[in-house]
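Have a look at the structure below before the remarks.
Keep in mind that this is a model prediction, so the values were computed, not measured. Convention: sequence-line order gives letters A, B, ...; per-chain numbering from 1.
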Amino acid sequence: DSGVTQTPKHLITATGQRVTLRCSPRSGDLSVYWYQQSLDQGLQFLIQYYNGEERAKGNILERFSAQQFPDLHSELNLSSLELGDSALYFCASSVGNQETQYFGPGTRLLVL
Amino acid sequence: AQSVTQPDIHITVSEGASLELRCNYSYGATPYLFWYVQSPGQGLQLLLKYFSGDTLVQGIKGFEAEFKRSQSSFNLRKPSVHWSDAAEYFCAVGADSNYQLIWGAGTKLIIKP
């Protein structure tokens with residue numbers, strides 16, 4: 001158990017819909033990272049927040065957004081969902097930047 | 001631009017045999033190097049990391065990795081694999097200049113009984 005929690009574990013929704021994925025980092029960690037893992041694209045870094053502020057952006061679509069709240073939990077919002085958005089979404093946390101990242105168990109999203 | 005290459009998509013090893021998973025990176029300075037393991041249906045777990053110092057790094061579950069600057073490599077080794085080692089292994093590289101980790105495509109390890 002890494003100490004990073006993600007909810008929900010599984011999510012099934014339809015194209016065009018919007019979903020919110022939630023992540024609680026390990027106690028004391030200030031950085032939260034979001035990743036997408038799919039069979040064809042592998043593990044893709046989406047975005048990082050550090051102490052409430054966006055710190056780095058990766059291959060995140062404009063339909064996707066994230067935020068980190070004062071209690072340091074983070075949410076990833078996915079809108080106008082497409083079939084290709086079906087994937088595992090991981091959250092990771094670390095104490096700061098360039099520290100070891102600890103991964104949550106992931107949210108499996110299925111868009112039908 | 002930084003990149004990470006794991007040249008083997010799949011590797012099959014007999015239980016009890018030794019293992020080496022390859023990881024090559026492209027980066028001008030000394031990077032931070034990580035190996036993670038992902039069991040089926042699970043998140044990624046850190047096996048070991050190299051930031052500086054001794055180039056031979058010991059990790060969990062009996063794994064070790066060696067940083068070779070001249071070869072830009074950070075290969076993962078285990079002297080004797082167990083069936084429970086069957087998983088996907090990811091190499092990742094980080095740098096001071098940005099906050100992202102660059103990930104390899106992963107190597108799926110299959111254990112033959």
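- Of the two parts of Gln38(B), only the side chain, counted from C-beta on, holds a non-hydrogen atom closer than 4.5 Å to a non-hydrogen atom of chain A.
- Of the two parts of Gln37(A), only the side chain, counted from C-beta on, holds a non-hydrogen atom closer than 4.5 Å to a non-hydrogen atom of chain B.
- The backbone N or O of Val4(A) sits less than 3.5 Å from a side-chain atom of Ser2(A), completing a donor-acceptor pair.
- Scanning for side chain to side chain donor-acceptor pair (under 3.5 Å) contacts around Gln58(B) gives Glu64(B), with sequence neighbours left out.
- Using a 4.5 Å cut-off between heavy atoms, Leu44(B) contacts chain A through both its backbone and its side chain.
- In this pair, Phe103(A) and Tyr35(A) present their aromatic rings tilted. The plane angle is within the 30 to 60° band.
- Using a cutoff of 4.0 Å between basic side-chain nitrogens and carboxylate oxygens, Asp85(B) and Lys61(B) are not scored as salt-bridged.
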